[in-house]
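First the structure, in the form of structure tokens, and then the observations on it.
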Amino acid sequence: MKLINILIFVALQAITLNVQAQTTAITIHAEHVQLSQVIEHIEHQSGYLFFYKDNDVKNIYVSVSADKAPIETVLSQALKGSNLNYTIQGRSINIVRKEIPKRYTISGYVKDASSGESLIGATIYIKDLNTGTTSNAFGFYSAELPEGEHELQYSYVGMKPFVQKVKLSQNTHTNVSLSPNAQQLKEVVVTSSVKEVELKKPDAGVEKLSGTDISSIPAPLGEADISKALTLLPGVQATSEGSTSFSVRGGGVDQNLILLDDAPVYNIGHLLGFFSAFNADAIKNAELYKGDMSAQYGGRLSSLLDIRMRDGNSQRFSATGGLGTVTSHLMLEGPIGTNKLTFMLSGRGSYPVKEDEDDVLIFFYDFNGKLAWTINRNNKLYFSMFYGRDAINGDFDDENSDIKFGFINNTQTLRWNHIFSQKLFSNITFVNSDYTTTLTQNETKEGINSFKRSSDLKSQGLKDDFTWYPNLKNTVAFGIQGTYYTINPITIKAVSDKYVISQFNANKINALELSAYISNTQKVTNRLTLRYGLRFSQFRTLGKTTQYYYKEDHSFDYEKDFGAGKTIKSYQGIEPRLSSSFSINPNTSVKASYSRYYQYLQQAIYSTSGSPFDSWFTASPTVKPQVSDQFSLGIFKLLHHNAIEASANLFYKNNKNTIAFKDHPQLMVNENMEGELRFGKSYAYGLECQVKFNLNRFNGSLNYTYSDSKYKIPEINGGEAYRSPLSHKHDFSLMASYDLSKRVKLSANWVYYSGMPTSFPIARYEVGGNLIPIYSERRNEDKYPDYHRLDLSVVWRGKERPKRRWHGEWVFSLYNAYGRRNAWSIYFDYDKSNQRVVAKKYYIYTFVPSISYNFKF
Amino acid sequence: MNKLISFASLILIIVSITSCDEEISLKIKDSDKTFLVVDGYITNDTTSHCIHLTRSSKFFSNDTASAVTDAIVTLNDGTNTITLSENGNSGYYYTPSDYYGIAGRTYTLSIEVDNNHYEASSYMPENGFAVDSVNYKHNSDTKWSFYISGRDDADKTSYYAFPLLLNGKMITAYSRWESGDDQLINGYYEENIEVQYIDSEEDMYQGEKLSCKDGDVITLHVCSITKDFYDYLYAIYLETGEHDPILYPQPTNIKGNISNGALGYFTTFSYIKRTLVISDTN
């Protein structure tokens with residue numbers, strides 16, 4: 001107490017002395033008085049002469065209170081809050097209107113110099129203002145800056161930063177091209193600013209991957225696979241070995257919204273998910289939002305995987321391709337005529353697998369295509385398409401049957417970018433996405449078992465998204481979206497008229513999903529950035545169809561016909577989204593978020609990883625939309641001159657109207673599928689830790705996730721909460737790569753996670769000649785043996801020759817290097833010859849070596 | 001009819017290219033409780049119908065299920081009650097040999113054992129399929145398929161199962177009863193529906209590989225079963241399967257229809273019996 005008193009005393013003394021040192025001391029007390037009167041009063045006391053325009057001071061009322069104060073203090077006080085300024089020259093004082101510094105907007109596109117591809121998420125850092133902005137999904141950026149000279153630094157991972165000095169005296173449009181870091185070995189440790197700008201962004205749960213990242217991660221059989229690359233990241237879990245389906249923060253595999261150039265893709269695997277549907281050649285960039293999605297996106301509870309295809313090289317014709325163990329792939333791109341119009345076309349096909357003397361034929365292929373047309377500075381048009389197909393044909397003489405499977409993904413996207421003004425960017429998107437599965441049995445053989453089963457999901461969507469850049473502190477996104485779904489869950493009919501079977505048609509589902517959103521990203525202070533938004537979504541199922549209704553006990557009650565366009569049931573919801581980033585210091589940020597999501601469309605998955613046959617269904621009179629409230633809190637830190645990024649992030653989510661299937665549901669041919677559903681709650685929580693390092697030749701990351709997710713469904717497991725099979729408690733991965741020389745790169749991944757929760761028998765009984773297991777009353781309290789494996793790869797690049805455009809590389813990879821036999825399924829068998837019960841496991845891969853050759857010219 | 005077979009074969013095709021299976025040793029928590037297990041059915045056939053009472057056992061035990069003897073087992077058909085008699089101390093309880101079930105009735109089985117009362121009821125459906133003929137085909141060295149021809153009753157929603165007997169002995173366990181419903185054939189006359197098979201590579205009986213030879217007598221039962229029993233058979237199919245993560249749900253206890261915490265199933269069904277003799281000329 002004493003010390004503080006003394007300090008205050010000293011401070012007061014200093015002020016008094018200071019005041020006395022001034023020559024002119026003014027005493028004035030005025031409360032809401034005309035400024036001209038105040039001026040008069042001061043002139044009178046001080047002898048200063050005032051010059052001003054009458055118009056400027058007219059009707060300005062001021063309050064001022066001073067006792068023997070210096071004139072500067074008095075004037076500052078009097079003019080505070082007005083648009084006036086003063087200057088003192090000798091004994092005269094000028095009062096003038098403040099000059100409002102003019103502000104101009106600088107905008108444009110950020111591109112890759114070598115290919116002309118727009119760069120998504122490039123950072124534009126304004127050095128003198130110590131702030132920045134980022135390019136959007138089309139490479140567009142906009143920043144409003146005060147008039148004058150600024151130093152702008154454009155940067156992007158893997159590219160040489162580009163520094164530009166701009167003297168702003170009018171609105172400016174600047175397209176900037178960044179060149180790749182030619183020096184493979186001397187990775188420029190990107191000077192602080194980029195990562196520091198990233199660190200301040202209020203998006204905690206985003207993972208970014210480029211097409212090259214995806215290709216460079218060792219994968220089974222050498223096939224680049226985006227899902228498998230994602231499952232190495234914290235918070236993303238593999239469902240089962242060899243599956244492309246993944247779970248984000250304990251969510252279901254149908255809770256991930258997967259967009260390829262804005263078109264939803266409903267089956268992301270080939271051959272039951274053993275291979276990815278996405279050809280890495282065609283992918284420019286992929287971002288996974290593990291929750292904390294902006295209000296622009298909705299419709300799924302767990303995540304958004306936003307995949308963007310390449311636009312096509314605008315500089316020159318080029319080709320990328322490769323020969324692998326399972327597939328060959330080729331991508332062509334280039335300008336058509338001018339560099340205003342570009343194309344990208346990529347194709348991939350597996351080598352047909354023939355088994356058992358031509359009885360079985362398996363193959364898959366896919367195509368991605370894109371046209372990008374820069375009409376003028378303010379208009380761009382993009383058309384993209386994706387077509388992927390699996391064909392599996394079997395002819396089993398011993399079964400006297402033949403089977404044909406088909407899985408077809410088919411999407412188209414048309415987008416029109418229009419720049420209304422440098423501050424208002426708009427994008428209109430039309431998408432069409434169609435997923436069809438067919439199963440034809442006994443096309444050529446006789447008998448009842450000859451039928452064709454098909455199911456399909458079509459969706460057409462139109463959306464208009466705007467981004468408004470009012471100033472550097474705010475970025476406002478708003479828009480409207482509408483999607484129309486047509487689902488034909490199952491149709492079964494006879495293959496030909498020769499064999500009669502009655503046609504089976506599960507009722508068609510028609511639905512319309514409408515939404516509108518607005519969101520602002522605001523730099524509140526230099527330390528605090530907020531993103532807040534609201535999304536409104538509405539979903540209605542429509543005729544023409546027959547709707548089934550169910551009783552309390554889930555048995556069929558009655559049916560009702562609805563005419564075309566008649567609303568059967570509608571739901572709506574408001575989804576608040578809030579995220580924040582607070583920087584404790586330039587190298588440390590704390591990020592927190594809360595968001596709510598609605599999901600109206602889901603897949604009837606009753607197994608752990610699901611299969612491409614699992615049909616999609618919507619909210620309905622029986623099925624309420626699933627709702628999720630999610631919270632996250634994390635700390636993000638840059639270390640070692642920003643070469644190391646460390647983070648720890650806590651999440652919690654609470655879901656309502658969770659859908660689960662009753663025990664042993666009948667789903668294959670069932671008109672009353674909704675009668676097999678049960679409803680309840682679910683929740684998940686976890687901690688995700690990551691250390692990413694970028695140390696000259698040595699790059700990689702360490703990831704660890706602790707998480708748990710549980711369901712609580714009144715009619716399942718006696719109403720007790722039970723663990724989701726996707727809940728791997730501990731999930732660890734290590735990714736590392738080392739550039740041995742300019743031409744040789746070594747990579748290794750090590751993955752370890754807790755085994756899948758399951759129930760093992762505690763006893764058995766015998767009925768009808770079968771041994772039936774008895775499980776504990778508490779479901780999923782046991783677990784599979786823990787999963788672990790090591791993958792290795794070596795990339796060996798051909799010699800660079802200055803005049804040769806051909807770049808080739810060999811990739812040697814070894815998946816599951818030490819050949820661990822990780823259990824894919826555990827089951828029990830009766831060993832009849834020894835008359836005993838045995839436990840058995842299936843495992844898919846031991847060590848899998850593969851070689852592929854990739855080229856580019 | 002074997003809905004899952006196509007799906008399962010897809011998995012097999014793909015998985016067989018790389019996957020393997022092997023025996024593992026697995027530590028499990030043995031339950032210290034045992035439960036009464038009821039297993040049996042009453043049909044429209046005139047014969048000595050049998051109810052088998054056993055107790056549950058340790059999962060990896062090598063012993064056969066222990067019999068529950070000296071129980072009082074009664075059967076009520078809605079009007080009359082009969083008492084089943086145990087054959088020695090076998091745990092097998094039989095109706096009189098002239099007993100037959102009547103379709104449309106609901107049967108209630110009551111069991112008194114160790115001062116506990118257990119009960120189960122089952123409705124006996126009528127035959128839904130008018131069988132015209134049965135035949136077979138020797139499809140490959142190891143596989144014989146069995147077909148039926150006939151008409152499904154258009155007015156009924158029927159559920160079927162097709163147990164198979166070889167030389168008078170039941171060789172199909174519940175998981176191989178190949179149950180199905182009539183959604184795809186409702187009201188139609190169908191020829192050669194494949195309903196059963198014997199695959200000597202995978203089917204075994206009493207420690208011997210199953211196989212057909214000339215002169216073997218095959219008896220096919222075309223059973224019209226209840227929806228509940230159809231669901232029960234499907235649950236057995238799932239729980240005795242290979243539990244791969246693509247097609248199988250998480251392991252879960254199968255719900256039977258016996259009261260008071262006992263396990264197993266008591267059911268009733270109508271069936272039509274057809275026999276054929278395997279001969280080389282086919």
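Residue numbering restarts at 1 for every chain, and letters A, B, ... go by the order of the sequence lines.
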Which atoms of [X] come close to chain B, meaning under 4.5 Å heavy atom to heavy atom: side chain ones, backbone ones, both, or neither?
{"X": "A/P785", "result": "neither"}
{"X": "A/S776", "result": "backbone"}
{"X": "A/D614", "result": "neither"}

Which of [options] touches chain B most, by non-hydrogen pairs under 4.5 Å:
{"options": "A/G769, A/G610, A/S243", "answer": "A/G610"}
{"options": "A/P773, A/A823, A/S240, A/P725", "answer": "A/P725"}
{"options": "A/I762, A/T608, A/V848, A/D663", "answer": "A/I762"}
{"options": "A/E241, A/K841, A/E777, A/R779", "answer": "A/K841"}
{"options": "A/N770, A/I774, A/N717", "answer": "A/N770"}

Quiz item: Are B/I28 and A/Y775 close enough, and set up right, to give a side-chain contact (heavy atoms from CB on, under 4.5 Å), and what steps lead you there?
Solution: CA-CA 10 Å; B/I28 58 168; A/Y775 305 106; over 6 Å; no

Atom pair [atom1] ([X]) and [atom2] ([Y]), whose distance is rounded to the nearest 0.5 Å:
{"X": "A/R764", "Y": "B/D30", "atom1": "CZ", "atom2": "CG", "value": "10.5 Å"}
{"X": "B/T34", "Y": "A/Y765", "atom1": "OG1", "atom2": "OH", "value": "14.0 Å"}
{"X": "A/E766", "Y": "B/L263", "atom1": "CD", "atom2": "CG", "value": "13.0 Å"}
{"X": "B/N253", "Y": "A/S759", "atom1": "CG", "atom2": "OG", "value": "8.0 Å"}
{"X": "A/K662", "Y": "B/K255", "atom1": "NZ", "atom2": "NZ", "value": "10.0 Å"}
{"X": "A/L771", "Y": "B/S57", "atom1": "CG", "atom2": "OG", "value": "7.5 Å"}

Relative to chain A, which of [options] shows the most heavy atom pairs under 4.5 Å?
{"options": "B/S25, B/P249, B/P163", "result": "B/P249"}
{"options": "B/S61, B/G256, B/G40", "result": "B/S61"}
{"options": "B/G187, B/A65, B/S175", "result": "B/S175"}
{"options": "B/T54, B/D63, B/D39", "result": "B/D39"}
{"options": "B/I254, B/T64, B/D152", "result": "B/I254"}

Quiz item: Checking side-chain contact (heavy atoms from CB on, under 4.5 Å) for the pair B/Y265/A/I772: CA distance, chi angles, key distance, verdict?
Solution: CA-CA 12 Å; B/Y265 207 89; A/I772 316 284; over 6 Å; no

Quiz item: Between A/S607 (side chain) and B/P245 (backbone), is there a donor-acceptor pair under 3.5 Å?
Solution: yes

Exercise. Examine distances only and state if a side-chain atom of A/Y827 and a backbone atom of B/E239 form a donor-acceptor pair shorter than 3.5 Å.
Key: no

Quiz item: Should B/E23 and A/R836 count as an ion pair when the cut-off is N to O under 4.0 Å?
Solution: yes

Give me the atom names and distance for the closest heavy-atom approach of [X] to [Y].
{"X": "B/E242", "Y": "A/S825", "result": "O-OG, 2.8 Å"}
{"X": "A/V767", "Y": "B/V38", "result": "CG2-O, 4.0 Å"}
{"X": "A/M756", "Y": "B/Q250", "result": "CE-NE2, 4.1 Å"}

Contact check, side chains of [X] and [Y], non-hydrogen atoms, under 4.5 Å:
{"X": "B/D21", "Y": "A/W824", "value": "no"}
{"X": "A/T758", "Y": "B/P251", "value": "yes"}
{"X": "B/L26", "Y": "A/F760", "value": "yes"}

Practice problem: Decide yes or no on side-chain contact (heavy atoms from CB on, under 4.5 Å) for B/D231 and A/H664, but give the supporting numbers first. | Solution: CA-CA 8 Å; B/D231 289 340; A/H664 310 114; over 6 Å; no

Practice problem: Please report the C-alpha distance between B/F59 and A/F828 in whole Å, then the side-chain angles of each, then the deciding distance to 0.1 Å, and finally whether the side-chain contact (heavy atoms from CB on, under 4.5 Å) criterion is met. | Solution: CA-CA 10 Å; B/F59 187 75; A/F828 303 93; 3.4 Å; yes

How about [atom1] on [X], more than 12 heavy atoms from neighbouring residues, nucleotides or ligands closer than 6.0 Å, or not?
{"X": "B/Y92", "atom1": "OH", "value": "no"}
{"X": "A/Y830", "atom1": "OH", "value": "yes"}
{"X": "B/K58", "atom1": "NZ", "value": "no"}

Exercise. Pick one of side chain, backbone, both or neither for B/F35, based on which atoms fall under 4.5 Å of a heavy atom in chain A.
Key: side chain

